[in-house]
Amino acid sequence: MLNISRPRRNRQTPAIRNLIRETHLSTHDLIAPLFVIEGKNISEPIASMPGISRLSIDLLVRECKELYDLGIPCVSLFPAIDNKLKDQKASEAYNPNGLYQRAIREIKNALPDLLVMTDVALDPYSSDGHDGLVDPRNGEILNDATLEVLAKMSIVQAKSGSDIVGPSDMMDGRVGFIRDALDEENLANVAIMSYAAKYASAFYGPFRDALGSAPKKGDKKSYQMDYANVREALREAYLDESEGADILMVKPGLPYLDVIKTLRDNTTLPLAAYNVSGEYAMVKAAAEKGWIDNDSVMIEMLWSFKRAGSDMILTYFAKEAGRLLQKH
Ligand code: PBG
């Protein structure tokens, strides 16, 4: 017998493999992003995101019930706003009776124990398609003026029943500004999940198709981060934490596992990974061609976020993965 070290001993059977597993994935780790649209009984498939549709509020509530029954604890909502309602000030964003606010109320009415996370950024409502206000004279993104709108949005969402507001806009100072605004309105129990390290990424393409929210001019590089950087992510995370964030998110997910790992090693806050639309679309496209196996790749990919150190994952695979994980 050779005198060698034998790590394979711990891989011999499913039982020993289960016993030595270092990380775990369950339905409780998943957050399902959902798209809401005006109307009744409407389900509009999104071409670049097979299996995902824009849903009218009635069908959205039904979908939430299904997710909740699978053990998924949280949904994250995004609105597809009629172009006629978009303007340069994104004023529809804080309309208390707007589509988004009605959707939050209906979900919380039907399923009070399902967590509703809401998105705080101007792009779905802005005729410019940017996350912040745009100076019409020169196209500059107006950081401090945007904060006022983000705060108004957060309050209206929280009053409609949002449990977690998620600023995805990347303006400086927004977490502290939103925290103060919520606290002043006696909304201290509403949590903030900040998109702390959000990169200017081409992986958001299908999401912008889904909402018709692509920027009309320019790109988002003056506020979203450069993919060459990781120390900068630490700085953003540190700022959001010190301003009062409850959970930090890294976005996109798959190409940024190193960023998740770096934040994991440097914060005690819970971490979320956003497995974004382009990551979903890649898997779907390759699986449709028969080049990879959808289910195995999906689960392996979701597990990589856990291994890198995220506690939770926002993923368009939530329902599919939920079903599969329930069987195991
Ligand atoms: C915008 C926002 C984006 C996503 C979530 N919020 C796109 C963008 O920044 O242009 C992308 C999510 C995805 O691709 O799944 N505030």
Side-chain angles (χ1 to χ4, degrees), residues 30-36 46-54 74-81 86 90 92-93 100 117-134 141 143 146-147 149-150 153-154 157 162 164-171 174-175 178 192-227 236 240 249-256 272-285 298 301-302 305 312-319:
L30 305 176
I31 299 175
L34 299 172
F35 299 107
V36 60
I46 300 157
S48 49
M49 301 178 72
I52 306 291
S53 299
R54 300 177 200 91
C74 185
V75 295
S76 169
L77 302 181
F78 295 97
I81 299 292
K86 298 186 184 184
E92 183 61 15
Y100 201 61
M117 170 178 171
T118 51
D119 193 65
V120 183
L122 274 44
D123 51 321
Y125 313 91
S126 151
S127 48
D128 292 306
H130 277 286
D131 294 21
L133 295 169
V134 180
I141 305 294
N143 192 93
T146 299
L147 298 183
V149 185
L150 299 175
M153 282 180 83
S154 304
Q157 292 173 359
S162 171
I164 305 172
V165 295
S168 69
D169 55 287
M170 290 301 278
M171 296 301 118
R174 85 255 205 243
V175 172
I178 290 171
I192 299 180
M193 184 191 301
S194 74
Y195 288 62
K198 178 172 178 182
Y199 287 85
S201 171
F203 284 91
Y204 306 149
F207 174 96
R208 292 177 190 171
D209 293 345
L211 297 190
S213 64
K216 296 290 168 299
K217 259 200 215 142
D219 54 37
K220 299 193 173 185
K221 290 181 181 167
S222 78
Y223 45 105
Q224 298 180 350
M225 287 175 50
D226 180 352
Y227 49 66
E236 286 283 2
D240 287 3
M249 188 210 291
V250 173
K251 176 181 178 190
L254 208 53
Y256 296 87
Y274 200 143
N275 179 212
V276 300
S277 57
E279 300 168 42
Y280 176 82
M282 288 195 302
V283 175
K284 288 292 168 195
M298 163 179 80
M301 190 160 112
L302 293 176
F305 299 121
M312 63 201 89
I313 308 156
L314 289 97
T315 179
Y316 301 98
F317 286 115
K319 187 158 79 174

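Just so you know, ligand 1 is whichever comes first in the structure, and atom 1 is the first atom listed for that ligand.
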Legend entry - Close-contact set for ligand 1 against R208 heavy atoms, below 4.0 Å: 8 (C), 9 (O), 10 (O)
Inset, instruction - Find all atoms of ligand 1 within a distance of less than 4.0 Å from any non-hydrogen atom belonging to Y274, and give their numbers and elements. - result: 12 (C), 15 (O)
Legend entry - ligand 1 contact on Y280 by region, counting heavy-atom pairs under 4.0 Å: neither
Legend entry - atom 8 (C) of ligand 1 - nearest protein heavy atom and its distance: K220 NZ, 3.3 Å
Inset, instruction - Indicate, as side chain, backbone, both or neither, the part of D131 found under 4.0 angstrom from ligand 1 when only non-hydrogen atoms are considered. - result: side chain
Legend entry - K216 atom NZ, over 12 foreign heavy atoms within 6.0 Å: yes
Inset, instruction - Give the residue, atom name and distance (to 0.1 Å) of the protein heavy atom nearest atom 16 (N) of ligand 1. - result: S168 OG, 2.8 Å
Legend entry - Ion pair check, K86 and D128, cut-off under 4.0 Å: no
Inset, instruction - Distance to 0.1 Å, residue and atom name: give those for the protein heavy atom nearest to atom 2 (C) of ligand 1. - result: K198 NZ, 3.2 Å
Legend entry - S126 side chain vs L122 backbone, donor-acceptor pair below 3.5 Å: no
Inset, instruction - Check A121 against ligand 1 and report side chain, backbone, both or neither, counting heavy atoms closer than 4.0 Å. - result: side chain
Legend entry - Within 45° cone and under 6.0 Å: K220 NZ/CZ vs Y199 ring: no
Legend entry - From CG (D119) to OG (S168), nearest 0.5 Å: 3.5 Å
Inset, instruction - Find all atoms of ligand 1 within a distance of less than 4.0 Å from any non-hydrogen atom belonging to Y316, and give their numbers and elements. - result: 12 (C), 13 (C), 15 (O)
Inset, instruction - Could you tell me the residue and atom name of the protein heavy atom closest to atom 6 (N) of ligand 1, and the distance to it rounded to 0.1 Å? - result: K251 NZ, 3.2 Å
Inset, instruction - Establish, yes or no, whether a centroid distance under 6.0 Å links the rings of F207 and F78. - result: yes
Legend entry - Salt-bridge criterion met for D169 and R174 (N-O under 4.0 Å): yes
Legend entry - Within-cut-off N or O pair, Y195 and ligand 1, under 3.5 Å: no
Legend entry - Option set E279, M170, Q224, criterion heavy-atom distance to atom 9 (O) of ligand 1, minimum: Q224
Legend entry - Residue and atom name of the nearest protein heavy atom (relative to atom 1 (C) of ligand 1), distance in Å to one decimal: D123 OD2, 2.8 Å
Legend entry - Distance, nearest 0.5 Å, that separates CG of D226 from NZ of K221: 8.0 Å
Inset, instruction - Sequence neighbours left out, what pairs pass salt bridge (Lys or Arg N to Asp or Glu O under 4.0 Å) with at least one residue falling in residues 197-207? - result: D131-K198
Legend entry - Minimum-distance protein heavy atom relative to atom 14 (O) of ligand 1: S277 OG, 2.7 Å
